[in-house]
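Here it is, the structure, as structure tokens.
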Amino acid sequence: TSLDALFELAQGLSPVTRARALAERGVALDREKQVAFDLADPCSSFALLDRARATTITSGIGRSFTAPPYEDEELERARERVASALSHHREALRKGLPDQIEPAEKAYRRARDAYRAALRRAQRKDVTVRLRRGGEALTLEAVQGLLGPQDALVLYTVLDDRLAAYVVEQETSRRVRLATREELQPLLVEARTAMNQAGELPARETLKAMLVDELALSEGIERLIVSPDGSLAAVPFAWIVDDMQVVFTPSATAYGLLQPERPIRGEGVLAMADPV
């Protein structure tokens, strides 16, 4: 419930304010990732894991396809009432006041239900609003429908001190526990040093074995769609995976929302580098 409230209250905020609001609750999102990864239901596990990542970017992509977010005074007032009721409930819990906790919780639920009703009314004005909702995520089935037989989408994530991955292919999906962050860190230092000096990467095979071979990708996979998390964003996947095309995406949902843009992509290349 608290995570739902977090995402709902962040709807409609500016990208910077939204990012700050979610970042301040990073502990809750990290906990959600850990719970999501262990859920027995793969669909729920995938949806929660993807929802906890790159929500601001996902929301921004949705807005880029549509008109600017509507301004709705009723929705704004309802959001403020939810925030106030939630604050009172937390204060009652903090002070340990049993005679106030239950009424405060009921008030919060009433405010939340009223907000949801106002949100639904606002949504009916704009059929594309789903694209703007950072708290939602594409379902596992929907993501699989976007993949070709030669594609594999990998949500890499950091769970406490261990690395993990959610592997999605057109017909299958699986969760894989990988190495520890302690094992990865020295390899990343070595990789950055090698890239800065334009030299060989002695750790390439070790990184590939640790982060790619352990995924046990199906035979015939030619395109690896990578969504990194935390320190994994520093992994030079395109360097260590030389037998597949590597594509980066903030999240599976962001990848799905970008698909309508594919027909208008250009044929050229924009290359940028640190100048000498």
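Starting from 1, each residue takes its place in the sequence as its number.
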Item checked: Rounded distance (nearest 0.5 Å) linking atom CD of Glu141 with atom CZ of Phe46 -> 12.0 Å
Check: Heavy atoms, side chains only, cut-off 4.5 Å: are Leu232 and Leu211 in contact?
Finding: yes
Next item on the list: Could you walk me through whether Leu224 and Gln245 pass the side-chain contact (heavy atoms from CB on, under 4.5 Å) test, one step at a time?
Entry: CA-CA 6 Å; Leu224 188 65; Gln245 178 188 1; over 6 Å; no
Next item on the list: Over all heavy atoms of both residues, which pair between Ala254 and Ser251 is shortest? Give the atoms and the distance, please.
Entry: N-OG, 3.0 Å
Item checked: Note: Arg174-Glu169 ion pair, threshold 4.0 Å (strictly below) -> yes
Checklist line | Short side-chain to backbone donor-acceptor contact, Thr139 and Ala142, under 3.5 Å | finding: yes
Check: What closest approach, in Å, do Pro98 and Gly96 show between heavy atoms, and which atom pair accounts for it?
Finding: CD-O, 3.1 Å
Notebook entry, point to check: Are the side chains of Leu184 and Thr180 in touch, meaning some heavy atoms are under 4.5 Å apart?
Noted result: no
Item checked: Rounded distance [0.5 Å steps], CZ in Arg77 versus CD in Glu80 -> 9.0 Å
Margin query: Let me confirm one number: the CG-CG distance from Leu146 to Leu153, rounded to the nearest 0.5 Å.
Written below: 9.0 Å
Notebook entry, point to check: Are Val212 and Met244 close enough, and set up right, to give a side-chain contact (heavy atoms from CB on, under 4.5 Å), and what steps lead you there?
Noted result: CA-CA 11 Å; Val212 180; Met244 285 183 281; 4.2 Å; yes
Checklist line | Side-chain heavy-atom pair Leu215, Val154 within 4.5 angstrom cut-off | finding: yes
Note to self: For residues Ile101 and Leu86: do they belong to one hydrophobic cluster (side chain heavy atoms under 4.5 Å, members Ile, Leu, Val, Met, Phe, Trp, Tyr)?
What the structure shows: no
Notebook entry, point to check: Between Arg94 and Glu91, is there a side-chain N and carboxylate O pair less than 4.0 Å apart?
Noted result: yes
Margin query: Has Tyr166 got a side-chain atom pairing as donor or acceptor with Pro42's backbone, closer than 3.5 angstrom?
Written below: yes
Notebook entry, point to check: Side chain of Ser227, backbone of Pro250: donor and acceptor closer than 3.5 Å?
Noted result: yes
Check: Got a donor-acceptor contact below 3.5 angstrom from the Asp151 side chain to the Gly148 backbone?
Finding: yes
Next item on the list: Measure the shortest side-chain to side-chain distance between Leu140 and Ser173 over non-hydrogen atoms and say whether it is less than 4.5 angstrom.
Entry: yes
Notebook entry, point to check: Would you say the side chain of Leu163 lies within less than 4.5 Å of the side chain of Glu183, judging by non-hydrogen atoms?
Noted result: no
Next item on the list: Evaluate the side-chain proximity of Leu178 to Met210: yes if any heavy-atom separation is below 4.5 Å, no if none is.
Entry: no
Notebook entry, point to check: Taking the side chain as C-beta and beyond, is there a heavy-atom pair between Lys208 and Asp243 under 4.5 Å?
Noted result: yes
Check: Do Trp239 and Val246 touch side chain to side chain, with heavy atoms closer than 4.5 Å?
Finding: no
Check: Is there a donor-acceptor contact under 3.5 Å from the side chain of Gln170 to the main chain of Leu147?
Finding: yes
Next item on the list: Measure the CZ-CG distance between Arg204 and Asp242 for me, rounded to the nearest 0.5 Å.
Entry: 6.0 Å
Notebook entry, point to check: Does Glu76 come within less than 4.0 Å of Arg79, counting only side-chain N to carboxylate O?
Noted result: yes
Check: Nearest 0.5 Å, what's the OH-CZ distance between Tyr108 and Arg90?
Finding: 8.5 Å
Note to self: Distance check, rounded to the nearest 0.5 Å: Thr206 atom OG1 versus Ile240 atom CD1?
What the structure shows: 10.0 Å
Item checked: Pair Tyr255 and Phe248, ring centroids less than 6.0 Å apart -> no
Note to self: Could you check whether any side-chain N or O of Gln185 sits under 3.5 Å from a backbone N or O of Glu182, counting only pairs where one atom can act as donor and the other as acceptor?
What the structure shows: no
Check: Shortest non-hydrogen contact from Leu159 to Ala164?
Finding: CD1-CB, 3.8 Å
Item checked: Ala152 versus Ile221, closest heavy-atom pair with distance -> CB-CG2, 3.8 Å
Margin query: One pair to check against side-chain contact (heavy atoms from CB on, under 4.5 Å): Glu105 and His89. What are the steps and the verdict?
Written below: CA-CA 6 Å; Glu105 182 176 358; His89 182 228; 3.6 Å; yes
